[in-house]
Amino acid sequence: MKQITKLLMEEKKDIYLSVLFGFLAAMGAVALFANSGYLISSAAIMPPLYVLTVSIALLKLFSFSRALSRYAERLYSHRATFTMLSSVRTHFFRRLEPLAPRISQKFKSGDLLSRIVGDVESLQNYFLRVYYPPLVMAAAFLATIAFTAYFSVITAAILILGVLVTGWFLPAWFSVRQKKKAEDVRQARGSVSTEATEFLYGFRDLKLHQQLDKKEAMLMDESAKYVDEQARASRKRLASRTWNQGAAFVVSWLVLTIGALLVTMGQLDGIFLAMLVMVSLTVFENVTPMAAYPSYKEESRQAAGRLENVMEDETSKIPDKTDPQPFPSGIPDVSFQNVTFTFPEEDRPALRNISFTIEKGSRTAVVGASGSGKSTLLQLLLSIYLPDQGEVKFGDLSTNRLQEEEIWQSVNAVLQDQHFFYGTIRENLLLAKSGAEDEELRTVLDRLKLEHLDLNEAVQEKAGNLSGGERQRLGLARALLRNVPVWLLDEPTSSVDAATEKHVLEEVYKEASEGTMIVVSHRLQGLEEMDQILVMDAGAVVESGTYQELMKRRGVFYSMKETEAELFMTG
Ligand SMILES: Nc1ncnc2c1ncn2[C@@H]1O[C@H](COP(=O)(O)OP(=O)(O)OP(=O)(O)O)[C@@H](O)[C@H]1O
């Protein structure tokens, strides 16, 4: 909360102005009603005309100043809130941005992102309903109590008692009870969000497995619980407001009763009684926002806590790079030296003591069973993760010393899970090379046998209107447009038919003829053209060499080829 408050306090000028105008508006109201009370009482005893004239003029002055101050208070407090909100958003975005490649899996679950967005939104209430109402209330009460004490110390003491009950005791009491309620609502909201996400993303599979009704019932159940929790929380808020207003009302009655008693005892001039009652009724209007204070305070505290936790958790995973160097110029070698790596929160290493070198300008295939660590190898090359032991190097520079941005700029990465944006084919291609002419884009599409796609053709969310093979080739088209010295391709043609695959790979190899290339592949076809093949098993490189060398060795690669041939024959 401390850090959030610091961020919010950057808007100092608007904060001071909103507190000042909030105070003036509250005082304007008190003065207005005090004056009305005095006017009514004094009119009854028929004072000289000038007294009434001055009183009426003051009435007008106070009502104008109250309206203007209220307007200014709303203007500055809302302006401060929106500016604060935008600086909180920018702050979290800046901190989250470098983490995006690492936490992309979490983002996809929708949970983390919606949590962050929701929590930042909740903070808009912090200034408007938590931070500044107590300040305005305290200032308004201090001034009013001082004014009241001038006429009657006992009435002032009743107001002090009233402010302690309505402004401190009741909010504190409801604060404690609200803590648990806010947590329950948050948990219920989390469960609905998880169920809804699963229901929507898994809709097709649930339908195929005839589980849709069951899942729908679960979703409805969670949704009903959430509505229930919300209703309970609203009742608590309402109870808090009712108690608060009830207490303020009792205080005004006390002022009237005790004031009347003091008048009969001759300790208070009767002309001021109506004024004091009106003052009491008005000043307690400032306590109304305090009724909502507990729930907003709790909501803001939890939102700030969660945001800080997410940031601390995630930023702790950012590798600490000292003295980062620029990416080596020209086409670099790529090497792994005794690299061991375990994913965060996992026990089993995904890569074990891996060493190999890929000569600059050469082509290497990485093959192996599913889960053997092929994609992890590429993630380390992209510096999405750093090795626990050993070094991953481009030329002589370890990824520990290279800026990620520099690596990403110099690497053509076509990963398994590519994202396509809602828009057109052209827009999705221009992402790789902004400013490219249509002619160039069409040539690339033609080379990858995507000539049937029009540049103006719409791409729907996640490219749902394109086939798996078309999506992969569109990803390759982006790589072809970028054409930088290092190529990392993770199963780039696994969904493409054999004839098209051959043609497409030839085009990619032609384009990358000068570059250093690593292709991860399940299929064992076309590997004769590779300069080197790395065979992986359970996180280790178990064999390496050219196609001919590996076939001659009759080891793991040879048996994989045999198995593939057998399956092909029986299939
Ligand atoms: N983000 C992750 N968090 C934890 N473990 C992971 C993560 N990604 C992969 N793994 C684990 O690391 C191991 C290697 O995974 P990797 O994706 O590199 O295999 P792969 O050889 O590319 O498999 P495939 O051919 O099926 O794509 C697997 O056991 C996998 O369960």
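Atoms within a ligand are numbered from 1 in the order they appear, just like the ligands themselves. Source: prediction; values computed, not measured. By convention here, the first residue in the shown sequence is residue 1. Scope of the values below: all heavy atoms of this structure, side chains included, with no hydrogens, waters or symmetry mates.
- Note on ligand 1: Met536 sits outside its first shell, no heavy atom being nearer than 4.0 Å.
- Where the criterion is an N or O separation shorter than 3.5 Å, residue side chain and backbone included, Ser375 meets it with respect to ligand 1.
- Residues Leu445 and Leu474 are in side-chain contact: their nearest non-hydrogen atoms beyond the backbone lie under 4.5 Å apart.
- The Arg348 neighbourhood of ligand 1 comprises atoms 29 (O), with distances under 4.0 Å to a heavy atom of that residue.
- If you number the atoms of ligand 1 from 1 as listed, the ones under 4.0 Å from a heavy atom of Thr376 come out as 14 (C), 15 (O), 16 (P), 18 (O).
- Ligand 1 has Ala369 within reach: a non-hydrogen atom of the residue lies less than 4.0 Å from it.
- The ring-ring contact (aromatic ring centres under 6.0 Å, His included) pairs that include a residue from residues 333-367 are Phe336-Phe356, Phe341-Phe343, Phe341-Tyr385, Phe343-Tyr385, where partners are two or more places apart or lie in different chains.
- Under a cutoff of 6.0 Å and an axis angle of 45°, Arg189 and Tyr226 do not form a cation-pi pair.
- Of all the atoms in ligand 1, the ones that sit under 4.0 Å from a non-hydrogen atom of Ala350 are 12 (O).
- For Gly373, the heavy-atom gap to ligand 1 drops under 4.0 angstrom.
- The closest side-chain donor-acceptor pair between Asp333 and Ser335, if any, does not fall under 3.5 angstrom.
- Residue Glu491 approaches ligand 1 through these ligand atoms, each under 4.0 Å from one of its heavy atoms: 25 (O).
- By the 3.5 Å distance cut-off applied to N or O atoms, Gly371 is counted among the residues near ligand 1.
- With contacts defined as side-chain heavy-atom distances shorter than 4.5 Å, the pair Leu381/Ile518 qualifies.
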Could you go through residues 544-552 and list every donor-acceptor pair under 3.5 Å that involves a side-chain atom there, pairing it with any protein atom two or more places apart or in another chain?
unit_1 : atom_1 : unit_2 : atom_2 : d
Thr546 : OG1    : Glu549 : N      : 3.3
Glu549 : OE1    : Thr546 : N      : 2.9

Check your understanding: Would Phe394 and Phe327 count as a ring-ring contact (aromatic ring centres under 6.0 Å, His included) if you check the C-alpha gap in whole Å, the side-chain angles of each, and the deciding distance to 0.1 Å?
Key -> CA-CA 8 Å; Phe394 287 98; Phe327 197 82; 5.1 Å; yes

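- By the criterion of a heavy-atom distance under 4.0 Å, neither the backbone nor the side chain of Gln379 is placed next to ligand 1.
- Closest of all the heavy-atom pairs between Arg478 and Asn428 is CD-O, 3.1 Å.
- The option with the heavy atom closest to atom 26 (O) of ligand 1, from among Gly368, Pro349, Ser372, Ser370, is Ser370.
- If you look at Glu346 next to ligand 1, the close heavy atoms, those under 4.0 Å, all belong to the side chain.
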